[in-house]
Structures are given as C-alpha cells and as structure tokens.
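Input: a single structure, listed below in structure tokens.
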Number of protein chains: 2
Amino acid sequence: MSRKPSSLPSTPCLSSTKEAREDDARNRLLQAGLEVFAKCGFEAASTRMLASKAGVNLAAIPYYFGGKEGLYHAVIQAITDRIHRHMQPAIERAQALLEDEHASKSEILDLLGMMLPGPIALFASPEARYFGPLIANEQQQPTSAFPILYEGYVRRVHEIAARLVGRYLDIPEDSPEAIIRTHAVAGQMFVFLGARATILRRLGCDSFSEENVRLIQHIVAEQAKAALKGSLPMTHQARENQP
Amino acid sequence: MSRKPSSLPSTPCLSSTKEAREDDARNRLLQAGLEVFAKCGFEAASTRMLASKAGVNLAAIPYYFGGKEGLYHAVIQAITDRIHRHMQPAIERAQALLEDEHASKSEILDLLGMMLPGPIALFASPEARYFGPLIANEQQQPTSAFPILYEGYVRRVHEIAARLVGRYLDIPEDSPEAIIRTHAVAGQMFVFLGARATILRRLGCDSFSEENVRLIQHIVAEQAKAALKGSLPMTHQARENQP
DNA sequence: GTCTATAGTCGGATAGAC
DNA sequence: GTCTATCCGACTATAGAC
C-alpha cells in the first residue's frame with residue numbers, strides 16, 4: 001500500500017506542452033503541489049502530504065525541487081505560464097487597438113468588456129480550480145513567489161487594461177484615477193475568485209454550475225461597461241462614438 | 001528580557017467597550033493574535049510568536065483560550081463584532097428604506113452607493129489593517145471560524161444589499177441574478193482588500209494614503225451606481241425617478 | 001494567575017543502500 | 001532515480017512549582 005498514486009483522477013496535466021508529457025515523479029509532484037498548496041496553504045501543506053498525494057517518495061521533493069519551497073515556486077510558475085498563455089490573445093488584441101489612433105470609444109469599451117469573460121471562464125474551469133486560493137494567498141501574504149505571478153502576467157494585464165480605461169476616459173493611463181478605476185472594474189470579476197466562500201454560500205451550492213458561470217460572465221461584462229460609461233463626463237456620454 | 005510587551009505600540013484596543021478595558025494577558029493575546037494571524041496565517045503563526053508578541057507566557061494561550069485554535073476563534077469573533085458594529089447604522093437605514101413602499105429607484109441607488117465608502121474607510125483604517133488577510137484567508141480556505149464571520153455580519157449585509165439591488169432592478173431579491181449582480185458591485189470595493197498586493201504595487205506605494213482612500217471611495221461609489229443604472233432595462237432608464 | 005520545564009508529536013531534510 | 005531509516009529542530013500542550 002505504498003505505490004499507488006491514490007487519487008489523481010481527472011485534472012489534466014498542467015503543462016500539456018509537447019515535451020513535458022511523462023507521468024514521472026516530477027510532474028506528479030507538480031500536480032500534487034497544485035492541489036495540496038491550494039487546499040492547505042504553504043505552511044499547512046506537509047512534505048508527507050505532498051509526496052503521498054503524488055505517489056512518490058518523500059525524498060523526491062528535495063531531489064527534484066531542492067525542497068518544499070522550490071516545489072511551491074515551481075507550482076506558481078506553472079500556473080503563471082498557464083494564465084499568461086490564456087491571456088495572450090486578449091493582450092495582443094488590446095495592443096493592436098491601442099496602436100490605432102482612430103479607435104472609437106465604443107470599440108475600446110467593447111474590448112474591455114470582452115477581456116473579462118475569458119478569465120472568468122478560466123478560473124471557473126476544472127483545470128483551474130486550484131488557482132484561486134494560490135493567487136489569493138499571494139495577494140494577502142506575498143511570499144518570494146509573488147514576483148513570479150506579478151511579472152508573469154499581472155503587471156502586463158493591468159497595464160493594458162489601465163491604458164484602455166485611460167483612453168476611454170481621457171485621463172493619463174498611469175494616473176491613480178486610471179489605476180483605481182481599472183482595479184474597481186476588475187474587482188467585479190476578481191470577487192468571484194476572492195470571495196468564493198461567500199458567493200457560493202449565498203447561491204446555496206458547493207461549486208459554480210455552468211449556468212452560473214455564463215450568468216456571471218454576462219453580468220460582469222455588462223456592469224463593467226456600464227460602470228465606465230457612467231463615469232464619462234456628461235458631455236461625452238452624448239457623443240460616445242466619437243474617437 | 002522576558003516581561004516587556006516588546007512591540008504593541010499604536011493600535012488601539014480591539015474591544016474598547018466599557019468593561020473590557022484592562023491591559024491584561026487575555027487582551028494582549030487577542031491583539032497579538034490579530035496581528036500575527038493576519039501576517040502569517042493560522043498555521044505559520046506559532047504559539048511562541050503569539051506569546052512573545054503579547055509579552056505573556058506561552059502557557060497563557062491554553063489557559064485563556066484552550067489553545068491556539070481557541071485564540072484564533074476569539075480573534076475572528078472580535079473582528080466580526082467590530083465590523084458588525086460598524087455596519088449596523090447602514091443596515092438599519094437600508095431596512096427602513098426597504099419598508100417604505102414608495103421609495104424611489106434613485107433613493108435606493110443612492111443608498112447603495114452610500115453603503116460602500118463606510119467599509120472602505122474601515123478596511124483602510126489603521127485599526128483594521130489586519131482584517132483583510134484574516135477575512136481573505138477564511139474565504140479561500142474556510143475553517144471552523146468561517147461561520148463566525150458569515151453569520152456575524154456577511155449574510156446580513158449581503159442579503160440587505162441584494163434586496164436593494166432586487167428592488168432597484170425589479171428582480172427577485174433571492175434570484176441568482178440579484179445575488180450575482182450584488183456580488184459584482186461589492187467586488188469593486190472588495191478587490192481593494194483582496195488584491196491588495198497588486199493594487200499597491202501598481203500605485204507604487206506600501207500602504208494606502210488618505211488621498212488614495214478618498215479617491216477609492218469616490219470612484220467605487222460612482223462606478224457602483226453606474227453599473228446598476230446601466231443594467232436597468234432601457235425603458236426604465238428614462239423614468240428612473242418613478243417608484 | 002503566571003511561571004519553568006518538559007513531554008510528546010510532527011515537521012523538513014539528509015545519508016546511504018540499492 | 002528511488003528507496004528506507006533517521007536526524008534534528010520546532011511545534012503545541014501540559015505538569016506542577018510559586
């Protein structure tokens with residue numbers, strides 16, 4: 001009763017790229033780390049838990065990752081890569097639009113609205129069910145792994161979003177106002193990740209149904225656009241389709 | 001070098017009510033628990049840290065609270081009481097308005113807008129600088145202490161807010177749509193608590209200045225109202241001042 | 001009520017066989 | 001590369017003096 005991988009049922013391999021396909025100890029530890037660190041947090045996760053969940057020997061953790069912390073960093077790096085890959089198309093679309101001097105306000109607003117359902121779908125997907133706790137923990141008690149997340153995708157995404165907001169509202173993209181407005185808008189999405197326990201209890205369920213996810217995507221996109229549109233100076237709201 | 005309370009400088013006593021005024025071991029442990037659990041999380045906080053930060057003996061934790069977990073529960077109970085007290089006036093105002101059959105939509109919207117700056121001020125206050133991590137951790141990895149928070153104020157506040165949103169949008173207050181819309185709106189506030197590390201890095205500072213807090217309060221209230229107003233069916237938006 | 005001293009457990013990392 | 005066995009430090013809780 002020592003060799004079985006016990007319980008690694010559904011979740012697909014995190015790094016599904018070409019080369020890293022083997023079901024070896026290293027990958028099994030990465031997957032187990034994702035689950036265990038998400039469920040317990042870094043401190044409460046013990047190397048014994050990690051090894052037994054992965055179905056590998058305890059000594060494999062220092063061997064492959066230099067220790068528990070090294071495994072944690074590798075897990076954070078893996079989810080950062082995954083999210084970055086998921087966001088890249090939207091980032092490129094936004095960059096293209098921002099280079100267009102003649103983009104209309106309504107085009108900018110629509111693009112901002114379209115940037116929200118993607119992350120919601122990702123974070124609600126089974127593949128990503130462990131991302132939330134890991135990200136939220138790094139927000140509250142940033143560790144040495146926080147820069148991996150921040151430089152990996154957070155900074156890029158927020159800067160692009162703030163540029164769009166700045167363009168839409170005719171304010172400098174790096175002003176506190178643009179940054180705060182962008183954050184507030186993003187908060188309409190983020191709260192479903194960050195206040196997960198409360199919303200699920202309010203909805204009376206244990207996890208988000210597909211129907212709930214669609215509803216959240218629709219409502220967040222709608223309200224996000226409305227929030228910014230309503231923040232336009234009055235004179236702009238009438239002629240919103242001007243560049 | 002064993003008796004000094006070492007570092008309990010500024011933060012005022014958590015339970016400033018009449019009777020509990022003594023600077024005794026029990027209160028010092030509560031305050032230290034607030035700080036240490038917030039900074040490290042439950043698991044990483046050791047009884048040695050807690051006792052030395054409080055300037056009391058290690059054995060005082062089992063003595064007064066039955067153990068580390070009991071101290072944690074007491075800390076969560078204390079912040080729940082604090083937040084509940086802070087929210088009570090707004091809750092009562094909302095209840096009064098909801099009992100008024102003739103309240104206009106714009107009155108309801110204004111009240112919703114007014115419910116947001118309060119919590120923002122509280123969570124940004126020095127007194128409450130440790131609330132965020134504790135609350136966020138319970139959202140991500142709810143422990144046996146989560147019901148203390150949820151039943152203590154979260155449920156009440158969210159139900160009231162959802163009733164206001166439902167009234168404003170003419171949808172049932174307990175429908176998924178009302179619950180999700182309410183959550184998304186609240187997210188514009190919550191994100192400043194839950195994604196603290198990111199927003200501070202974007203703003204280029206270590207903590208929120210008073211000016212930032214005022215800006216956040218203004219923007220969140222404005223965007224929250226706009227988000228809901230923009231979600232009204234078109235036909236309503238013209239005659240918004242009708243009941 | 002507060003202390004010291006210690007019991008008993010579990011943590012992460014390592015040594016060294018295979 | 002993978003295993004077993006073990007070290008050693010840190011943890012929480014308790015016993016019992018004062």
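The structure presented is a predicted model; accordingly, all values stated were derived computationally and were not measured. Letters A, B, ... mirror the listed sequences (proteins, then strands); counts begin at 1.
Rounded to an integer number of Å, the gap from B:Glu43 CD to D:dC11 P is 12 Å. Summarising the geometry, the separation between CG on B:Asn27 and P on C:dT2 is reported as 12 Å, rounded to the nearest angstrom. Distance A:Arg48 CZ to C:dG12 C1': 7 Å, rounded to the nearest Å. Rounded to whole angstrom, the span from the OH atom of B:Tyr72 across to the P atom of D:dA13 amounts to 15 Å. Counting to the nearest Å, the C1' atom of C:dG11 and the CD1 atom of A:Ile61 are 12 Å from each other. When the C1' atom of D:dA10 is taken as reference, atom NZ of A:Lys68 falls 13 Å away, rounded to whole Å. In this entry the distance linking CG of B:Asp24 with P of C:dT2 reads 7 Å, nearest Å. Rounded to whole Å, atom C1' of D:dG1 lies 14 Å from atom CZ of A:Phe65.
Of the possible donor and acceptor atoms, one in the side chain of A:Gln139 sits under 3.5 Å from a partner among the backbone N and O of B:Thr198. In this structure, the side chain of A:Glu138 engages the main chain of A:Thr143 through a donor-acceptor pair within 3.5 Å.
Taking the six-membered ring where the residue is Trp, B:Phe192 and B:Phe208 present perpendicular rings, their angle passing 60° and hence far from 30°. Note on ring orientation: taking the six-membered ring where Trp is involved, the planes of B:Phe131 and B:Phe123 are perpendicular (angle over 60°, cut-offs 30° and 60°).
Among the protein residues, B:Ser46 comes within range of the sugar-phosphate backbone only, with heavy atoms under 4.0 Å from sugar or phosphate atoms but none that close to a base. In this structure, B:Ala51 reaches neither bases nor backbone, as no heavy-atom distance under 4.0 Å exists between it and the strands shown. Residue-level contact check: B:Ala44 touches neither bases nor backbone, having no heavy atom under 4.0 Å from any strand. Residue contacts for A:Leu58: at a heavy-atom cut-off of 4.0 Å it reaches a base atom on one of the strands shown.
Of the candidates C:dG12, C:dT14, D:dT2, the closest approach to any side-chain atom of A:Ala25 belongs to D:dT2. Of all nucleotides listed (C:dT2, C:dC3, D:dT2), C:dT2 comes nearest to the side chain of B:Tyr63. If you check D:dT6, C:dT14, D:dA13 against the side chain of A:Ala59, the one that comes closest is C:dT14. Ranking C:dG12, C:dG1, C:dT4 by closeness to the B:Tyr64 side chain, first place goes to C:dG1.
In terms of heavy atoms, B:Ile219 sits closest to A:Arg181 at CG2-CG, 3.6 Å.
Residue A:Asn57 has no polar side-chain atom (N or O) positioned under 4.0 Å from OP1 or OP2 of D:dG1.
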